[in-house]
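Data first, discussion second: the structure below is written as structure tokens.
This structure is a prediction, so every number in the text was calculated from the model and none was measured. So that the names make sense, note that chain A is the first sequence line, chain B the second, and so on, each numbered from 1.
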Amino acid sequence: MTFLLQTALLARRRILETLRQPIWVFMGMSVPLMYLALFAPLLKPLAGGPGFPGGSVLDVFVPGILALMAFGSGMGAGWIVIGELESGVIERLRVTPASRLALVLGTVLRDVLMFVVPAVLVLVVATPFGFHPHWAGLAILLGLLALLTAACSAGSAALGITLKQIGSLAAVVTGLQLPLTLLAGVLLPLSLGPGWLQGLAHVNPMYYAVEAARELASGTLASAAVAEGFAVMGAAALLAIWWSTHAYRRAMA
Amino acid sequence: MTGSAAAGTTRRTASGGEAAVRVTGLRKSFPGKGGRVEALRGVDLSVPAGQIYGFLGPNGAGKTTALRILTTLLRADAGEVVVAGLDVGSHPAAVRRRIGYVGQRGGADIEATGRENLVLQGRLYGMGRHETERRADELIERLDLAPFCERIARTYSGGQRRRLEVALGIVHRPDVLFLDEPTLGLDPQNRANLWDQLRRLRDAGTTVLLTTHYLDEADRLSDRVAIIDHGLVVAEGTPEELRGRYPAAVTITPRPGFADLAAVAALLGREPLVREARIDGETIRVDLDSATTGMAAIFALLRARGVEVQGVSLREPSLDDVFLHETGRSLRDAGAPPAMEAIAS
């Protein structure tokens with residue numbers, strides 16, 4: 001009970017902090033919309049071809065963009081954590097009896113919210129342009145990708161506490177970002193690629209999320225890919241949250 | 001203000017009472033270049049309840065490391081630490097409920113208002129919503145936060161922010177309040193204001209433990225002082241006791257031709273409160289055990305001998321003399337090597 005209250009209080013603090021910086025809310029929404037407006041049209045000629053079965057290219061493209069949004073919403077956590085290490089906020093909170101898990105989850109919940117709200121907006125915007133929504137599948141999809149956001153948020157926070165410097169964090173995160181997103185097939189399905197690329201993708205946890213997201217978006221709710229996606233993302237989120245909690249708990253020099 | 005602090009000291013020392021903090025054999029080392037660096041090398045301390053206690057020492061002496069162990073932020077390598085009656089190593093969560101902490105970097109959430117900061121802090125300590133609101137109002141009034149507490153803390157001046165941070169440290173009415181270099185970077189007015197606040201807290205029964213590298217902060221604010229250097233307590237006691245161990249230096253300049261310097265120096269040397277009297281050029285330098293009574297005796301003697309005096313200067317012992325005597329260095333010059341600084345910060 002205390003733990004839930006603390007988590008809610010800390011999430012509320014984070015949400016207020018975000019709402020006070022509307023520029024970030026605006027940026028979070030504009031990036032996916034730009035992909036839809038400026039990149040998706042390039043895919044038009046591919047409709048019906050390999051990798052794009054059936055009707056609209058958006059049916060394949062939108063789930064990938066959602067996965068990219070989920071990834072991006074989480075990865076900012078480390079920057080905030082480093083700022084708070086420097087201003088002493090984390091040290092102050094660590095001297096209170098607040099649960100260390102609640103400290104982690106407060107940020108994770110805000111990041112999940114900051115993924116879900118723009119994601120719904122993207123779905124609503126994409127529908128009149130030929131995206132075929134299967135709302136039950138999309139609801140489950142948002143749940144799956146929320147796990148991806150949680151994993152990224154907790155992982156990024158843990159990295160921030162461990163590395164303590166913006167420069168190092170930026171190097172690690174940008175170093176991870178390209179291979180993780182490219183090898184997940186967020187922009188184009190990896191089934192278009194050669195066998196070695198598809199094989200390599202199987203070591204990338206995010207690949208399973210994107211595969212499952214495409215199935216869910218097409219209305220397939222029960223499939224091996226969906227089960228795999230949840231298993232991999234669930235494990236990644238748990239592992240990252242454990243790591244982050246451990247980082248908060250551990251003595252920091 | 002100094003007078004009332006001194007009165008507080010005697011009253012409290014006389015009343016005794018149990019220790020708010022007890023430290024025995026505390027050790028801590030950190031990995032550093034060329035092996036481990038010992039930040040604390042066996043610290044023993046006892047902080048009486050209801051006093052302002054100062055850790056005085058240069059940067060890198062180990063003050064911050066000690067404070068971080070006392071506040072559950074760091075684990076000790078060895079030794080026993082009892083805060084508010086509880087062992088820090090085995091009951092960190094229970095200790096956290098009884099202590100407040102104001103770190104060197106402050107820790108106010110600059111993206112939230114002062115009031116939001118206070119309310120969240122209170123609620124994280126398990127206080128109810130109404131109780132927290134009431135307490136926030138009380139602290140806003142007492143620490144004079146009202147003019148700015150509804151604004152985002154990012155916009156605060158240094159002194160305003162520090163006041164908020166002290167309020168954050170005491171929202172839950174802790175038994176012991178720890179502050180790490182609380183007046184670093186404050187202007188004289190804000191500094192005096194913070195001293196007053198800490199005295200008021202002390203007078204209301206809170207034990208206040210602070211680190212400082214300012215001599216006057218240790219001397220005038222603290223009821224007791226532990227002088228720390230290279231990870232050890234080199235001296236401990238009330239500022240008066242510590243200073244009292246060292247002589248006051250009086251320099252007497254007689255009018256030229258009005259006295260036989262050697263004869264006067266010899267006479268002065270026989271006075272009971274005089275440790276030593278020697279000739280230094282045209283002046284006589286006298287080391288006195290007690291400045292006030294000693295000066296009276298010196299003047300009486302000089303008048304009786306008809307020595308006309310051109311000038312007298314008195315230098316009373318300071319905590320720097322204590323530090324100098326114990327460590328061979330002056331506190332003003334004693335910085336830590338860069339490697340130690342990095343660990344302490």
Below 4.5 Å from any heavy atom of chain A, which atoms of [X] appear? Answer side chain, backbone, both or neither.
X         : answer
Leu120(B) : side chain
Ala94(B)  : neither
Ile152(B) : side chain

Answer yes or no: are there more than 12 heavy-atom neighbours, outside Phe129(A) itself, under 6.0 Å from its atom CZ?
no

So for atom CZ, which belongs to Phe148(B), do other residues, nucleotides or ligands contribute more than 12 heavy atoms lying within a distance under 6.0 Å?
yes

Using heavy-atom distances under 4.5 Å, tell me whether [X] contacts chain B through its side chain, its backbone, both, or neither.
X         : result
Leu16(A)  : side chain
Gln21(A)  : side chain
Arg100(A) : side chain

Hey, could you give me the [atom1]/[atom2] distance between [X] and [Y], rounded to the nearest 0.5 Å?
X         : Y         : atom1 : atom2 : result
Ile110(B) : Glu84(A)  : CD1   : CD    : 9.0 Å
Ile80(A)  : Glu111(B) : CD1   : CD    : 9.0 Å
Gln6(A)   : Tyr125(B) : CD    : OH    : 11.0 Å
Glu116(B) : Leu9(A)   : CD    : CG    : 12.0 Å

For Arg20(A) and Thr113(B), what are the C-alpha separation, side-chain angles and deciding distance, and is it a side-chain contact (heavy atoms from CB on, under 4.5 Å)?
CA-CA 11 Å; Arg20(A) 282 185 181 138; Thr113(B) 68; 4.3 Å; yes

Please rank Ala108(B), Ala93(B), Pro92(B), Gly106(B) by heavy-atom pairs under 4.5 Å with chain A and give me the top one.
Ala108(B)

Answer yes or no: is there a side-chain heavy-atom contact under 4.5 Å between [X] and [Y]?
X         : Y         : value
Arg105(B) : Glu91(A)  : yes
Leu10(A)  : Leu124(B) : yes
Asp109(B) : Arg92(A)  : yes

Could you tell me whether Glu17(A) and Arg154(B) make a salt bridge, using a distance below 4.0 angstrom between a side-chain N and a carboxylate O?
no

Arg96(B) and Thr96(A): which non-hydrogen atoms are nearest, and at how many Å?
CD-O, 3.3 Å

